[in-house]
Number of protein chains: 2
Amino acid sequence: MNIPDDAFYALLTQALQRRAEETLQRTLYHALRQAILKGTLHPQCRLPGSRTIAQQLHLSRNTVNAALEQLTTEGFLLRDRQGSQVAALPQATVSSPDSHPVIGLSPHLNLLPPGTRRDSPTLAFTPGMPAVNYFPLPLWRRLLDRVLREEGSMLLGYGDSAGEPSLRVAIARHLALSRGINCDASQIVITEGAREGLNLCTQLLSERGQLAWLEDPGYFGARSAFIAAGLAFRGLPVDEEGMCFQTMDVSAPRLIFASPSHQFPLGTLMSATRRLALLEFARKAKAWIIEDDYDSEFRYSGVPIPAMLGMVPDAPVVYLGTFSKTLFPSLRIGFMVMPKALAASVQPAIESLLRGGHRAEQRALALFIEEGHYARHLASMRRLYRKRQTQLRAALKEELTVPHQVSAGEGGMHLTVKIAEIDDGAVVDLARQYQMAPAALSRFYLDPACGETGLVLGYGNTSASGFASGIRVLNRLIAQTRPGRG
Amino acid sequence: MNIPDDAFYALLTQALQRRAEETLQRTLYHALRQAILKGTLHPQCRLPGSRTIAQQLHLSRNTVNAALEQLTTEGFLLRDRQGSQVAALPQATVSSPDSHPVIGLSPHLNLLPPGTRRDSPTLAFTPGMPAVNYFPLPLWRRLLDRVLREEGSMLLGYGDSAGEPSLRVAIARHLALSRGINCDASQIVITEGAREGLNLCTQLLSERGQLAWLEDPGYFGARSAFIAAGLAFRGLPVDEEGMCFQTMDVSAPRLIFASPSHQFPLGTLMSATRRLALLEFARKAKAWIIEDDYDSEFRYSGVPIPAMLGMVPDAPVVYLGTFSKTLFPSLRIGFMVMPKALAASVQPAIESLLRGGHRAEQRALALFIEEGHYARHLASMRRLYRKRQTQLRAALKEELTVPHQVSAGEGGMHLTVKIAEIDDGAVVDLARQYQMAPAALSRFYLDPACGETGLVLGYGNTSASGFASGIRVLNRLIAQTRPGRG
């Protein structure tokens, strides 16, 4: 079973000649290992003694011994007094180049809605993208560095599963003032943005196969989360008072996902009547409302609308907030607020499911809030976005000649323009050539073929100076893609 | 239905007197809203005109009008020519103080293993906690700040769902050299540590109700992930060659979770024979191996053992790596490496499921690797941990007088000491009073009552100067808690 000496040394010499950044010992080790795995060195094949190998290859004996020892530790070689012998390894796996490794991906993956393309934040009209160039980055850098300098290596461990206590306290204070939510830090869990909050809700509050309601059209992160959790889901239409639901519905949902303060994408504010009715329904149906409050800090008439969570005592509501829109998306910090009793019940599960971390960023954000920078930044963004919304409405009036209707929206960072009978997907695809990334309204419907068509225009990241020319281009693209009118 | 004037003004005057940080307008708004929700102001109740209210309360008419308008927008008031009228809201929810909001938590939550307590990183002997005080934090701060300064607001958007391309390239290069894995950036997905990688594996590769194998004893993050995904699971014993499995097993698993390079917690290195057999079995059973490579960079004899992923072509293996152990836990950056064909198939799902983000941290880490700091830090930690392991073994020999056996471990940052017939949970609880946080070995078994007992002693975060005195205390605690020997 032995290999001829010259074949053996030729093999190793070649490997040593091809050696790039590796040490001699590792090169030797890899070459022998590869030869054993490939079967070039057969099981039970005896290797020459380490002294001989060293002499032949002009290597030190230590180098050779180290490589042989490593292979012995791993079970590729057996060493005895006579030297080294190749171990008898199972051979079948060694080569099966035709076996395709992609076996049985989960079928539910096919149901997932397509992800959003994550381009540069500078593409005009991107929905959900805030004015990141107005974010006080030098200040943020200072706070982050201050935290890392002052706290040092104490911040490098895992930290609290629910997130940094100082950040949770700061958020609780902010929510009381701005969102009418009276809560304390124990009711708050820091998440990786609203999306992780949604996943947590499905894990904590639902079982596979149960029913979830969501708004149609709506945020498709909710759909992905429900699909991933194996929930059945049903889209509910949205009218001018918000999500429409029938309390007589045969099968009651377990989860109800809604964005009452500023429906995405239509911009509707859910009326007080509808809110109270939904709360009452949820209580009776033993369902949980997941209140997505993604951009309600930006409200341009009156004060921000208080959240459903704070509306009645013990509302069966889990509130999801995020800093992706108010600060910047790559921060990936969001939070979930639960009623007190729920927070206490799920605490052990939170400790088992979440790992904490990102402590420096969370501490820096706590300082950002506590020192008043957050409130200041919000106020300044509110002014900026209010002005931009007015300017965008003006540009639409001026430049959009196709029949259209601007959907209600007193706040936020986007306007939804309904335009009947267009291929909005095609318009959006063409728009990218002009450095514009509005979204197609039909895409937010569970069945895009049955949804209304139009454009969702974000103005968070787009300077008003580009509105008129941008809308003019979109107007032309719309005309081009309308088959009957070309 | 009207409210008497004096009751109405008394209500508002009280609210205005109690006003803390709010504006007059918001105080008025909240007081009216609360009165409507509570039913103090009945449906259809007519309010006085805004001019009258303003005069009575000594407020400006603008303030009153703004509050009334906000309530009208939200649907609490109806305004007509005669003034404002309270809307007819559903009343039932308004007060139901006895309804308990914690309804139907997911029953599977009860199955979750308890989370690890996340104390200060300075508690002695904490398993899995690296020497964070040796991490070059000033250098890290410089790199992070450099990235934020140079890239500026471009880094504030979402970024690539699979993580920063520059970091994936750097990881691919590092893996080729240190772990024998030849892959490119397209096969790598950046995750929030190994735990998110595990959750992704269950989502992508399994369906609820399928079977997963895991090591018993083993990492309980795997158990949590499988429970959360609704998988059935079975623990497989671990012998001196690694996980023991029967290929004749009646029901084949879908996922196999293993830590072949350094079994957690026993420290076993899976032999080459066992690895090849497991690969072959997985291929035939159409199962995926999830290879947890949590600390194999720290290997003290020979070079680090190459991963199973790189062992044979197209191995049905998903590899999970993390920087939590090699750098610091709160960084929360890990990664998943997939075979090429799998990576291509799951790309759309990754885009739908993941949101990217943490771009500055990922870019800083890419620089840290590319500029050679990572390799240097690894080498220096390897020296430190090797020395500490030797010193801890010596301290155990010297100070641990109860019969015990130190489990195999050529690397890593912990030693597992088997000690028969002790209440290891009680020892661990007592040890916390002495600022020590070793883990109880029995806790890592699926059924702690049937597992071996002993202590898992981390030395990553513990200076050798404390070993002797620490082990002496533990020795005393063990003696105290042995019922028959007190």
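Residue numbers begin at 1 in each chain, while the letters A, B, ... track the order of the sequences.
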Side chain, backbone, both or neither: which part of B:E196 has an atom under 4.5 Å from a heavy atom of chain A? neither
Are side-chain heavy atoms of A:E192 and B:R355 found at a separation under 4.5 Å? no
Taking atom OH of B:Y158 and atom CG of A:L331, what is their separation to the nearest 0.5 Å? 11.0 Å
Roughly how far apart are B:N461 CG and A:S153 OG, rounded to 0.5 Å? 10.5 Å
Most chain B-contacting option - heavy-atom pairs closer than 4.5 Å, from A:R33, A:M270, A:Q210: A:R33
Which heavy atom in B:P329 sits nearest to a heavy atom in A:G157, and how many Å separate them? CB-C, 4.1 Å
A:Q362 portion near chain B, given a 4.5 angstrom heavy-atom threshold: neither
Rounded distance [0.5 Å steps], CZ in A:R208 versus CD in B:E207: 5.5 Å
Evaluate the criterion side-chain contact (heavy atoms from CB on, under 4.5 Å) for residue pair B:L148 and A:L144; output intermediate values, then yes/no. CA-CA 11 Å; B:L148 282 167; A:L144 193 58; 4.1 Å; yes
Rounded to the nearest 0.5 Å, how far does CZ of A:R299 lie from CD of B:Q70? 6.5 Å
Tell me, please, which residues at least two apart from B:R195 pass salt bridge (Lys or Arg N to Asp or Glu O under 4.0 Å). none
Check each atom of A:L269 against the heavy atoms of chain B and say whether the ones under 4.5 Å are side chain, backbone, both or neither. side chain
Considering only heavy atoms from C-beta outward, does the side chain of B:L37 approach that of A:L276 to under 4.5 Å? yes
Partner chain A: residue of B:D145, B:L137, B:L71 with the largest heavy-atom pair count (under 4.5 Å): B:D145
Short side-chain to backbone donor-acceptor contact, B:S330 and A:L155, under 3.5 Å: yes
Answer yes or no: is there a side-chain heavy-atom contact under 4.5 Å between B:S352 and A:F220? no
A:I333 side, atom CD1; B:H358 side, atom NE2 - distance, nearest 0.5 Å: 7.5 Å
Which portion of B:M311 sits near chain A, non-hydrogen atoms under 4.5 angstrom: both
Spatial distance of atom CZ (A:R275) from atom CZ (B:F76) [nearest 0.5 Å]: 7.5 Å
Counting only heavy atoms closer than 4.5 Å, note whether B:E241 contacts chain A via side chain, backbone, both or neither. neither
Cut-off 4.5 Å, heavy atoms of chain B, and the answer for A:E361 is side chain
Hits for side chain to side chain contact (heavy atoms under 4.5 Å, CB included) against A:E69, two or more places apart or cross-chain, chain-then-number order -> A:R79
